[in-house]
Amino acid sequence: MSAPQDILVLNTGSSSVKFAVFDAHMQQRFCGLAEGIGQAGRIRIEAGAGDGAGAGAETEFADLPDHRRALSAVLTRLSQQGAGPDRLRAVAHRVVHGGRRLLAPARITAEVRACIEDCVPLAPLHNPHALSAIDALDDLAPQLPQYASFDTAFHATAPEVAQRYALPPEAEALGLRRYGFHGLSYAALCRRLPDISQQPLPRRLLAFHLGNGASVCAILDGQSVATTMGYSPLEGLTMGTRVGTLDPNATLRLVEDLGLARTKDLLNRKSGLSGLAGGLSDMRALDAAGTAEARFAIAHFCYWASRHGHSLLAALGGCDAIAFTGGIGENAPAIRATILDSFGWLGIAVDPDANANNAPRLSATSAPTAAWIVPAEEERQIALDARFLIDTGE
Ligand SMILES: Nc1ncnc2c1ncn2[C@@H]1O[C@H](COP(=O)(O)OP(=O)(O)O)[C@@H](O)[C@H]1O
Ligand SMILES: CC(=O)OP(=O)(O)O
Ligand SMILES: [Mg+2]
């Protein structure tokens with residue numbers, strides 16, 4: 001039997017583990033998701049590219065009390081499909097926070113693992129789960145190389161003035177900087193948009209990643225120059241359960257009244273759409289609910305996506321194209337239309353049929369500023385990063 005070549009990608013989120021397996025030719029063999037960790041768990045696994053052309057998705061309910069059990073259930077399902085650890089060349093992880101030291105994809109050594117651990121306070125909803133997946137695979141298959149790609153790395157190109165808070169040096173020494181996130185998604189968007197548009201990457205690109213977490217990025221000549229998330233993935237837009245930008249004095253007031261732990265929980269898990277709409281954080285559920293508070297939550301989401309997006313135009317000095325990605329960005333025509341209409345002054349003309357059909361090109365061909373949908377390809381980006389490191393012997 002030839003040496004195993006598959007790469008397993010793990011994208012560990014706060015309540016889910018997304019996974020994908022890529023072969024030596026970077027064809028996707030499987031993809032799927034373990035979600036509802038800590039609640040009513042479900043696992044979905046699908047053969048092929050996950051675009052409906054594969055062998056049909058299988059979903060089953062599973063007891064997933066924590067991330068470790070979820071990972072072990074994922075590995076069991078993959079083994080049953082002939083894609084278990086013995087078939088793997090490597091495992092590659094999405095790590096949300098790489099801090100100031102991890103600025104490029106890396107093989108996970110003891111030193112890299114320690115750096116990821118140092119960043120746990122900076123991304124408490126994300127980094128601990130990535131570490132638990134890294135450790136679980138190390139126990140299970142210690143000989144298997146593991147790699148990490150960092151969501152923060154893409155934004156390392158932003159100028160110092162965009163990365164610094166106006167804080168004195170002692171705060172900077174604690175790592176209080178604007179790092180930015182969703183970098184793997186933005187890197188994938190820059191890679192994919194030229195294929196989709198059949199044109200070179202637009203010089204001044206405003207990219208909206210709208211999923212459970214949401215952010216906007218100003219991309220100049222393919223590099224991040226500004227983004228809406230900051231020290232942690234809490235800043236910026238109104239999100240599924242995260243508050244977005246909040247006056248720090250409001251945070252201090254909450255800490256005084258509720259204490260630290262309840263404030264953390266409130267700002268990260270009980271705010272955003274969920275806070276505005278009685279616990280509904282999922283855009284499809286809000287749409288279906290149709291209540292006044294659900295409509296207000298959606299309006300809040302669109303208003304702040306537009307306002308923050310507009311603020312980034314200052315860093316771009318104009319805009320040649322807007323692109324949407326993420327679950328909402330790719331699938332919610334009404335939300336895209338509201339945001340794009342607010343940029344109408346730029347000369348964007350939305351093609352209503354294209355928008356209603358989630359077509360890749362959303363704007364009329366004659367419009368001076370184009371608008372596009374680009375499917376989020378975080379898993380492929382992570383696999384490409386790992387494949388590059390393997391091929392270059394890192
Ligand atoms: N057809 C759709 N219409 C509206 N919203 C959608 C649709 N499909 C997915 N979404 C929304 O996308 C969000 C999840 O996005 P996703 O990028 O998958 O999230 P995550 O940040 O967990 O990766 C949810 O709010 C979900 O409701
Ligand atoms: C960094 C971040 O916000 O990720 P997600 O949107 O997957 O929660
Ligand atoms: Mg996501």
Side-chain angles (χ1 to χ4, degrees), residues 49-53 154 182 185-211 214-228 236-238 283-284 286-287 295 298-378 380-381:
D51 54 4
F154 185 71
H182 291 142
S185 167
Y186 292 126
L189 188 147
C190 291
R191 180 171 51 73
R192 288 289 288 133
L193 183 53
D195 291 345
I196 290 172
S197 63
Q198 296 291 300
Q199 291 166 15
L201 190 70
R203 204 171 114 64
R204 297 168 302 179
L205 173 64
L206 191 65
F208 287 81
H209 176 111
L210 306 179
S215 68
V216 194
C217 185
I219 300 172
L220 186 64
D221 294 326
Q223 296 197 325
S224 171
V225 290
T227 190
T228 55
L237 276 59
T238 303
M283 197 52 89
R284 279 166 298 192
L286 285 165
D287 231 4
R295 285 199 302 277
I298 295 173
H300 202 278
F301 180 87
C302 294
Y303 174 88
W304 286 102
S306 168
R307 256 188 76 172
H308 287 297
H310 275 87
S311 81
L312 294 193
L313 294 182
L316 275 182
C319 185
D320 302 310
I322 289 181
F324 291 94
T325 192
I328 298 171
E330 291 166 41
N331 300 301
I335 304 244
R336 282 194 307 260
T338 306
I339 295 172
L340 284 173
D341 283 351
S342 77
F343 285 95
W345 60 273
L346 276 175
I348 293 179
V350 183
D351 173 342
D353 289 337
N355 187 42
N357 292 318
N358 299 322
R361 181 173 192 125
L362 298 166
S363 52
T365 39
S366 55
T369 302
W372 302 95
I373 296 178
V374 182
E377 284 194 351
E378 288 160 309
R380 180 173 292 277
Q381 187 63 39

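Everything quoted here is computed from the prediction, not taken from an experiment.
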To the nearest 0.5 Å, tell me how far [X] [atom1] sits from [Y] [atom2].
{"X": "Leu189", "Y": "Glu378", "atom1": "CG", "atom2": "CD", "value": "11.0 Å"}
{"X": "Leu205", "Y": "Gln223", "atom1": "CG", "atom2": "CD", "value": "13.0 Å"}
{"X": "Ile298", "Y": "Asp287", "atom1": "CD1", "atom2": "CG", "value": "5.0 Å"}
{"X": "Ser363", "Y": "Asn355", "atom1": "OG", "atom2": "CG", "value": "10.5 Å"}
{"X": "Arg307", "Y": "Cys302", "atom1": "CZ", "atom2": "SG", "value": "14.5 Å"}
{"X": "Arg191", "Y": "Leu201", "atom1": "CZ", "atom2": "CG", "value": "12.0 Å"}

* Parallel, tilted or perpendicular: which fits the ring planes of Phe208 and Phe324, with parallel below 30° and perpendicular above 60°? ->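 The rings of Phe208 and Phe324 lie parallel, inter-plane angle below 30°.
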* Aromatic plane relationship, Tyr186 with His209 - under 30° parallel, 30 to 60° tilted, over 60° perpendicular ->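 If you compare the ring of His209 with that of Tyr186, the planes turn out perpendicular.
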Close side-chain approach of [X] to [Y], heavy-atom, < 4.5 Å:
{"X": "Ile219", "Y": "Val225", "value": "no"}
{"X": "Thr369", "Y": "Asp320", "value": "no"}
{"X": "Leu220", "Y": "Arg203", "value": "yes"}
{"X": "Ile328", "Y": "Phe301", "value": "yes"}
{"X": "Cys217", "Y": "Ser224", "value": "yes"}

Looking only at heavy atoms, what is the nearest atom pair of [X] and [Y], with distance?
{"X": "Ala367", "Y": "Ala349", "result": "CB-N, 3.7 Å"}
{"X": "Ala315", "Y": "Ala226", "result": "CB-CB, 3.7 Å"}
{"X": "Leu312", "Y": "Ala218", "result": "CD1-N, 3.6 Å"}
{"X": "Gly318", "Y": "Arg204", "result": "CA-NH1, 3.6 Å"}
{"X": "Ser215", "Y": "His182", "result": "OG-ND1, 2.8 Å"}
{"X": "Leu193", "Y": "Pro202", "result": "CD2-CD, 3.8 Å"}

* To do: Start with the C-alpha gap between Ile373 and Ile196, add the side-chain angles, then the distance that decides, and say whether side-chain contact (heavy atoms from CB on, under 4.5 Å) holds.
  => CA-CA 9 Å; Ile373 296 178; Ile196 290 172; over 6 Å; no
* Asked: Under the salt bridge (charged side-chain N to carboxylate O under 4.0 Å, His left out) criterion, do Arg192 and Asp195 qualify, and how do the steps go?
  -> CA-CA 5 Å; Arg192 288 289 288 133; Asp195 291 345; 3.2 Å; yes
* **Step-by-step side-chain contact (heavy atoms from CB on, under 4.5 Å) determination, Phe343 to Ile322** => CA-CA 9 Å; Phe343 285 95; Ile322 289 181; 3.8 Å; yes
* To do: Keeping the roles fixed (side chain from Asn357, backbone from Asp353), state whether a donor-acceptor pair exists under 3.5 Å.
  =>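 Pair found, side chain donor or acceptor close to backbone of Asp353.
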* Asked: Is a donor on one side and an acceptor on the other found under 3.5 Å between the side chain of Glu330 and the backbone of Gly326?
  ->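 Yes: the side chain of Glu330 pairs with the backbone of Gly326.
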* Asked: After noting the C-alpha distance and the side-chain angles of Met283 and Ile335, does the key distance pass the side-chain contact (heavy atoms from CB on, under 4.5 Å) rule?
  -> CA-CA 10 Å; Met283 197 52 89; Ile335 304 244; 3.5 Å; yes
* Could you check Leu210 against Thr325 for side-chain contact (heavy atoms from CB on, under 4.5 Å), going step by step and ending with a plain yes or no? => CA-CA 6 Å; Leu210 306 179; Thr325 192; over 6 Å; no
* Asked: Under 3.5 Å, is there a donor-acceptor pair linking the side chains of Thr228 and His308?
  ->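 No - no donor-acceptor pair under 3.5 Å links their side chains.
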* **Donor-acceptor side-chain pairing of Asn358 and Arg336 below 3.5 angstrom** =>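 Yes, a side-chain donor-acceptor pair sits under 3.5 Å.
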* Asked: Are the ring centres of Trp345 and His310 closer than 6.0 Å?
  ->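 Trp345 vs His310: aromatic centres under 6.0 Å.
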* **Those residues that, when tested against Phe154, pass ring-ring contact (aromatic ring centres under 6.0 Å, His included) (two or more places apart)** =>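 Partners of Phe154 under the ring-ring contact (aromatic ring centres under 6.0 Å, His included) test: none.
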